[in-house]
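Comments concern the structure below.
Below, read A as the first sequence line, B as the second, and so on, with proteins coming before strands; counting in each chain starts at 1. All values below come from the heavy atoms of this structure, side chains included, with hydrogens, waters and symmetry mates left out.
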Amino acid sequence: MNKYTVINPHEPFRVLNTHVHNIDGIAKVTGRATYTFDVKLPGMLYGKILRSPYPHAKIIKIDASKALALPGVLAVVNGKDDTLGIKQGIWRRYNDLCDEQVLPVDKVRYIGEPVAAVAAVTEEIAEKALDLIDVEYEELPATFEPLDAIKKDAPEIHEGFERNINVTRHIEWGEVEEAFEEAEYIREDWFKCGGQAHMCMETRAAVASYTPDGKMTVWTSTQSAYYHQALLAGVLGLREGNVRVLAPYVGGGFGGKFELDGAQFCACILSMKVRKPVKIIFTREEDFIASKRRTPMFYYTRTGVKKDGTFCAREAKVFTNGGAYTGMGATALYLTGFFHSFPYRWKGYRYDGYRVYTNTLPSTSMRGFGAPQAMWCSEQQIEWIAADLGLDPIEMRRKNSHHEGYVVPGQATIASCGIDQCYDEIKTWIKSKGKLPKNRSIGLSACGFMSGGIFNWFDTPYSFSSAVVTVNNDGTVELHVGAQDIGQGSNTTMAIICAEALGVKIEDVKVHSGDTDHCPADLGAWGSRQTLMTGNAVKMASEDAKKQLLEFAYAQSGLNIVYDLDIKEGWVHAIARPERGETFEALVKRATRGKDGQRIVGRGYYTPHRKGMISPAYSYMLQGVEVEIDDETGKIKLIDSMTAHDCGQPINHLGLIGQLEGAFSMAAGYGYLEYMPFEDGKMMNPNLVDYKMVRSTDMPPANIAEIDTYEPEGPYGAKEAGEGLTNPTAAAIGNAIYHRFGIQMKECPVRPEMIVNALKEKAAAEKEGKKK
Amino acid sequence: MEKKLITLTVNDIEYELYINPKTLLVEAIRDHIGLTGTKRGCETVSCGACTVMIDDMAIKSCSVLAVQAEGRRIITAEGLEKNGVLAPIQKAFLDEGSYQCGFCTSGMLMSSEAFLRETKNPTEEQMKEAIEGNICRCTGYNSIVRAIAAVAKGKYAEVKS
Amino acid sequence: MIHDFTYLKPGSVKEALAMLADHADECKVICGGQSLLIVMRQGLVAVDYLIDLKGLNELSYIKYDDKEGLKLGATTTHRIIEKSNVVKKNYPVLTAMEEKLASIQVRNWGTIGGNLAHADAAGDPAPVLISLGAKVKLGSKKGDRVMSLEEFYTDLFETAMEHDEIVLEVQVPPAPPKTGSAYQKFNLIENDQGIVAVAATVTADKGGVCTDAKIVLGNAGVTPIRAKSAEKVLIGKKLTDKLFAEAGEAAAGDADPVSDIHSSADFRRHLIKVLTKRMVKKAWDQATKG
């Protein structure tokens, strides 16, 4: 049902890009895998969080006496009495962006914000106790939309932030006004991009255990054990080394689990009070209303091109609904502006982004990180421009696209780029479909994405990624990484790279991750960074170990200097005479003895240096989606899709297909299903009955044509594959709607009522036009 | 309220439980018996992470009272393997990469297994419908359907010499 | 959290009805619990006694004969109805409706009696059964009574049942010759509950004139709604595309839909217009073929 085609066959790697099983498979398919959700410790208590019912209010008084009197309740905590009141944020380098107390002291800024937390012997008692906590609030006027919140008389949400403008970002290159003057056709459009819930199958979860020796151990569903170690140490007033964060298996992250959340913070505070383990698991409803969401955005974009379709200039102004706190919103604000230019060359480009505080659920990173929103606007407008000018939309895109060696002025150097072949692949796919049935149409979207960011707003002193390879006497290998497997398969990807680089079988590699006591620091799983960055660290560590081992092989071999040795699939041999050699195990035994009984240890690390303003490498793709739309009801059905994709050298074959198909389902949801309305700051559908998502019967085939390129910065030429794929689909669906009906959908997610209304308006306008 | 003494047969093992009758089957399995393979992902019988088999039927254990399951044959993900030998559907999941974070996987396996036990020569549409009650945020479902299809086609049938 | 209750498990219908009479206001009946447990968890239903009918196999049956029509026992699961050859042969619209109801898991444990008693305005079976002229048999310690399913629904999540009554059986009359039935709900994703739904049953005479029409709107009001003005458009006429469309317009007027996050009331009316037109046509094509 799926087609997987490789365009340029790669080198015959032994492990890389072969059909290896995900190494966590046995645990996951036999019910053995335990998640934070499953953690149970001796003497463990259950925590529940009391949340603000108001979007904006002062906390006057909290009286927990009745709750504390309830049998089985051991502690109630609040921000003022039980925390250091530290304002934290993940952008640690910038004080003013550290604006969130998690358990606030003075006031609440969104419905659902934690106000107090209870620890009790059972979950049920903890829940009953919440009803017994009396909180006196003084309601404050609230504001919910960014375009309202920036008005002069809007209520001030954070002291000192005029007009509620939280962050601004500016990206510019070329002579923009001049470039617009060169343009022969200019188009401007306003768009509205919705929010989206991460909707991880495992909700936010933490078990915290503070012991009398001043040590804090936290099991949590996280995308970065290191980030949580550092963030918790910071807010709890502990030394980082006294905080141990463990990630059992993690049930999804998608960008929502690398910031400090209420489950982690409140579990820690409670545990510090009672010196017992405390477990907090968000209900699904809590997960919807109290964990940050994808950033909704208002987009204005003005684009100037020549009549032959050459792109000249673009100017974009974006207002994002930041919600009550910054979170990762500053990065989303920046990246949306950068990827709004992708994958095209602009003579002049200007982006101004404004992140606005509102009294709603804070917005943050979510898979795609501002790029799905950027493409919703850019790729549709580009399609309309092609139509306005009577140009082929694929060829117009092609002639303006990035290419290898292109420098995005002041921003990035494109060292590998396969977008041109992507256009050919999609053209072939469209041609193969022939004439479509009359209720179907195809929409396209191009895009690109980063492979990890160069930024250190977290202010870490450590390498962005590190790896340690230790070789046991029996030839098995311990690989310690800080990269976090959240389902994307990074454990497997790192094992593959290690096995390939060291020359062993993948079954011989054991991956250790998700434990700050034993694993090196790593920024974790976000921004599509791990394959490139941790992958480089793993390759380096593996090659280090291999070199140390081969020293003993060379010493023994007596080979002429012009010959060299290699290790492949556990066989140490001269490359010129592969049939002569010894087993990896035999070499290891000798080497270990040679090192005084010490195991061979290889170290590797990676931090991007001087790699532009955003990322060391970029993936590219063009996606086509075939859509069927009922012209009377507006109901959308996805029929088929093809993604031509350049991620450099694919590493994890099954992982890549999984990332494509999974990203597609999430991205399609953003395009036509995952409506997340708020009314006066309240989320109207915080449950899985009313929040709609793609299910098995809605998912079309997700075919992939993998374009082989080689990215010099990536391990074996690899780039990201997983987040970029979330970028194009909403726009592709929008373009399918456009090609079917000629209506331009400015708002996503697109719902049937919107299509029917647009068709009615169009019919009315045509009628008016005929009259004249 | 009177606690009830019941016997639940889970993965062919009898467990005696003394529970509050409002205990859901998923709670009995996870918290009382201690088998944590079965998960929970919602409060509205929507996500399917809690799916188990009761008398060979795929059922969401979050919306069954434990007391109602007495006398029935309950199978969870942990019960699919026999003496360390994986069931065909488990092997298929490994081969097709039909899981990523794995949180929905136990439920998916049970829905798939129940479907395969009752449907021979299924169509693709039927296979998709088999897991329609299970949400997966990671895989996009197609790899799970491929695994079901492989088992249905007999790829993992035991070869009798 | 679910309110603590005393669990009662009757071994027979007679025992169940006696328990119900004893506990009246303080108790609730559970069977499949696919809807009830959700509202109990939310605290919307809190009772001291829960009477479990799930084990009452004497109420799990499907009976059919050409004279009496179809009889479904209240504790028959949706899945059994879905897989029944007897149902498929004689009332294929019921099979089609069951195939799209919730999920396989819910259908494996949830029952037809429980579904109807829950009185969810977005429920699938009620509009279809009403359009087929179905009745419900209710039982209490005092005795049984039969009423039309149409009259069974009084308000949102409310039925005409007394506190001591349960649904015993659903009775569907045999379809007159040249009768067709169709049902469709409108949703964004397959198998989801309907934003609105339309069930249509029409009967033709030998001359090709429509002698009866029952059009029932689902989730277009607090209870299923008989779109009587739409039926008036059709009865006594030879049906054409123009009349199907007119029936649709009339049905939209009969509806009393709400506006919510899924749809405005206007759009619900629009959908009813379209679905009625389509379902009447589909039912008519079935009725008049061959």
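Interface remark: of the candidates A/Arg751, A/Glu124, A/Met684, A/Glu124 forms the most heavy-atom pairs closer than 4.5 Å to chain C. Most heavy-atom pairs under 4.5 Å with chain C: of the set A/Glu632, A/Glu285, A/Glu679, this distinction falls to A/Glu632. Chain A forms more heavy-atom pairs under 4.5 Å with one residue of C/Asn187, C/Leu275, C/Asn191, C/Asp260 than with any other, namely C/Asn187.
For chain A, no part of C/Ile195 is nearby; none of its heavy atoms comes within less than 4.5 Å. Only the side chain of A/Pro677 comes within less than 4.5 Å of a heavy atom in chain C; its backbone stays farther off. Only the side chain of A/Glu127 comes within contact range of chain C, judged by heavy atoms closer than 4.5 Å. Only the side chain of C/Asp192 comes within less than 4.5 Å of a heavy atom of chain A; its backbone N, CA, C and O stay farther away. For C/Leu271, the part lying near chain A is the side chain, with the backbone staying farther off; criterion is any non-hydrogen pair under 4.5 Å. In this structure, chain C has no heavy atom under 4.5 Å from any part of A/Asn757.
A heavy-atom distance below 4.5 Å is found between the side chains of A/Glu123 and C/Met1.
Crowding of A/Lys760 atom NZ: a count of heavy atoms from other residues, nucleotides or ligands under 6.0 Å exceeding 12. Sparse packing is recorded around NZ of C/Lys28, with 12 or fewer heavy atoms of other residues, nucleotides or ligands lying under 6.0 Å away. Annotation for C/Lys232: atom NZ does not count as buried by contact number, only 12 or fewer foreign heavy atoms lying within 6.0 Å.
Each of A/Lys692, A/Arg695, A/Lys637, A/Lys635 was evaluated against C/Glu190; a single residue qualifies, A/Lys635, per the salt bridge (charged side-chain N to carboxylate O under 4.0 Å, His left out) test.
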Candidate pair C/Arg278 and A/Thr633, rule side-chain contact (heavy atoms from CB on, under 4.5 Å), full reasoning: CA-CA 11 Å; C/Arg278 291 179 182 180; A/Thr633 65; 4.1 Å; yes
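With values rounded to the nearest 0.5 angstrom, C/Ile189 atom CD1 is found 7.5 Å from A/Tyr672 atom OH. A distance of 9.5 Å separates CD in A/Glu753 from NE2 in C/His270, rounded to the nearest 0.5 Å.
Closest non-hydrogen pair, C/Phe267 versus A/Pro752, comes out as CZ-C, 3.9 Å.
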